[in-house]
**Q** 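Have a look at this one before I ask anything.
Just so you know, these numbers use all the heavy atoms, side chains as well, and skip hydrogens, waters and symmetry mates. In what follows, chains are A, B, ... by sequence order, proteins preceding strands, each numbered from 1.
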There are 2 protein chains.
Amino acid sequence: MSLVEPDDIDGGESLSLHQRILSDIREKILSGAWAPGHRIPFEHELTARYNCSRMTVNKALSQLAKAGLIERRRRSGSFVRQPQSQAAVLELHDIRIEVEALGLPYRYERLERLKRRSSAEDRGLLGLSASGPVLALESLHFAGERPFALEQRLINLSAVSEAADEDFLDIAPGPWLIGRVPWSEAEHRIRAMAADETIADALDIDAGAPCLVVERRTWSAEHPVTHVRFIYPAESHTLVARFTPSQG
Amino acid sequence: MSLVEPDDIDGGESLSLHQRILSDIREKILSGAWAPGHRIPFEHELTARYNCSRMTVNKALSQLAKAGLIERRRRSGSFVRQPQSQAAVLELHDIRIEVEALGLPYRYERLERLKRRSSAEDRGLLGLSASGPVLALESLHFAGERPFALEQRLINLSAVSEAADEDFLDIAPGPWLIGRVPWSEAEHRIRAMAADETIADALDIDAGAPCLVVERRTWSAEHPVTHVRFIYPAESHTLVARFTPSQG
DNA sequence: CGTTTCAATATGTATATACATAATCGCTAT
DNA sequence: ATAGCGATTATGTATATACATATTGAAACG
């Protein structure tokens with residue numbers, strides 16, 4: 001039941017002690033050797049075991065607690081938590097990068113650009129309470145000859161006024177916004193949908209064909225910035241999300 | 001351009017200094033006041049500004065760096081990073097909880113249960129290299145009277161031998177596995193698909209209707225544990241993922 | 001017997017200090 | 001000029017120490 005033999009301590013790689021303690025304990029938990037509910041050695045025990053100061057041990061344990069692997073209780077000690085609610089990290093790439101990763105030539109085409117006062121629907125999508133100017137954009141992303149995704153976007157001009165002067169013919173709104181607007185929060189909705197006439201037409205697929213729809217709403221410091229809907233033909237797209245419990 | 005007035009320092013809530021520094025700087029970055037590339041005050045400046053030790057400042061900055069908001073360079077200082085590649089945290093609930101959250105009665109029904117040696121397809125789905133015993137399960141999750149999701153699952157019996165003795169008539173494989181097997185990693189694939197005859201039949205929808213498919217592969221300490229495919233009728237399901245840049 | 005009080009304990013936060021390490025600037029010798 | 005060298009600087013990691021705080025367990029008390 002020992003974490004490491006004292007002699008092993010200096011035998012490791014050039015990992016910092018802090019990292020060493022972290023990965024040791026994480027390993028114990030993930031391998032199941034320490035089941036949920038198991039009490040982890042007290043800080044002073046780990047201090048002795050690793051022959052280091054309490055601060056170092058404390059930093060490692062605090063980190064494990066923040067990652068949700070363990071729970072710390074004063075006077076009682078630290079305990080392995082029940083397996084957490086599962087959460088996955090979903091990487092949302094730039095469409096250009098995605099297409100180029102497939103080895104296909106990327107092309108972007110702006111279809112429509114309309115400046116208007118926000119309709120009730122616009123406000124619903126953006127999460128705006130009051131009316132104001134918005135920019136509505138519709139664009140196509142191509143992989144080689146075939147349409148890869150249809151993009152329907154709303155930009156809140158009250159939050160990003162410079163967008164009013166941009167025609168978005170040469171640059172897609174996504175890359176344009178990134179780097180210009182620091183975003184603090186985003187919400188995604190992912191669903192399946194049958195293509196209606198308009199969408200089928202744009203994507204060059206049959207009406208009624210299944211599509212994957214990814215909608216993203218972005219805020220920057222409490223202000224709604226943009227709402228975007230990407231529509232992918234089912235065959236062309238799979239989202240991949242990978243999960244590793246802790247962020248060591 | 002000052003972070004806080006010296007007098008304000010004690011005027012705050014009962015936040016720890018560490019938390020205080022963290023949220024102050026995060027606010028500056030997210031609000032855009034400190035643009036990407038901006039150099040953050042040196043540790044010794046913050047030390048003076050908050051009237052605290054370098055360790056405290058260092059801990060806060062290290063945390064911001066780990067969260068990806070800033071980049072630290074020796075001898076040069078710390079800088080606000082370019083907006084990172086977007087990543088979303090996708091919560092994957094238990095289906096029972098999901099259904100009950102809709103206010104509908106939940107019911108589970110096991111359709112098929114088959115123990116067999118892994119086929120080539122099974123091995124592909126599970127990520128197994130060698131052949132071995134697997135358990136194939138097909139089940140339906142209901143919301144009220146209507147089918148809510150079809151579950152197609154493979155369990156690697158070499159990793160979870162107890163599953164061979166369970167009939168899964170009264171408990172769904174998901175809840176059964178959770179808590180029994182500590183899982184270390186999972187991979188999700190999310191896509192849209194048209195329902196074929198079999199699926200349409202099980203879910204009581206039209207053949208060709210769009211469905212959302214979520215596939216999950218789970219490992220525990222390097223061993224493949226299970227592969228599951230949830231098929232939802234498009235109308236019944238939307239995945240929601242929310243993102244906040246830092247995990248303060 | 002139940003309640004209150006108090007001491008012990010483990011974690012939480014902060015300090016001052018020390019030395020290691022990487023990157024940069026400026027000086028010097030070629 | 002420039003290649004190399006060393007001093008300087010900011011961060012990285014660790015230590016010993018101190019006191020705060022929440023919680024538990026046991027002793028003291030009504």
**Q** Please find the earliest and latest nucleotides of DNA chain D, in the 5' to 3' direction, that have an atom within less than 4.0 Å of any heavy atom of chain B.
**A** D:dT8 to D:dA14

**Q** Could you check whether B:Arg107 makes a cation-pi contact with B:Phe142, meaning its NZ or CZ is under 6.0 Å from the centre of the six-membered ring and within 45° of the ring axis?
**A** yes

**Q** Quick one about B:Ser139 and B:Arg153 (side-chain donor to acceptor, distance below 3.5 Å, no hydrogens or angles considered), yes or no?
**A** no

**Q** Any side-chain heavy atom of B:Leu135 within less than 4.5 Å of one from B:Val160?
**A** no

**Q** Can we say B:Glu187 and B:Arg189 salt-bridge, meaning some charged N sits less than 4.0 Å from an Asp/Glu carboxylate O?
**A** yes

**Q** What string of B, S and - do you get for nucleotides 3-11 of chain C, 5' to 3', when a contact is any protein heavy atom under 4.0 Å?
**A** -----BBBB

**Q** Do A:Leu125 and A:Arg229 make a side-chain contact, defined as non-hydrogen atoms from C-beta onward lying under 4.5 Å apart?
**A**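 Yes, close enough: below the 4.5 Å cut-off.
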
**Q** Roughly how far, to the nearest 0.5 Å, is the CG atom of B:Leu64 from the OG atom of B:Ser78?
**A**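 Taking OG in B:Ser78 and CG in B:Leu64, the distance rounds to 9.0 Å.
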
**Q** Only one of B:Glu100, B:Glu98, B:His141, B:Arg96 passes side chain to side chain donor-acceptor pair (under 3.5 Å) with B:Tyr106; say which it is.
**A**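 Going through B:Glu100, B:Glu98, B:His141, B:Arg96 one by one, the side chain to side chain donor-acceptor pair (under 3.5 Å) with B:Tyr106 is satisfied by B:His141 alone.
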
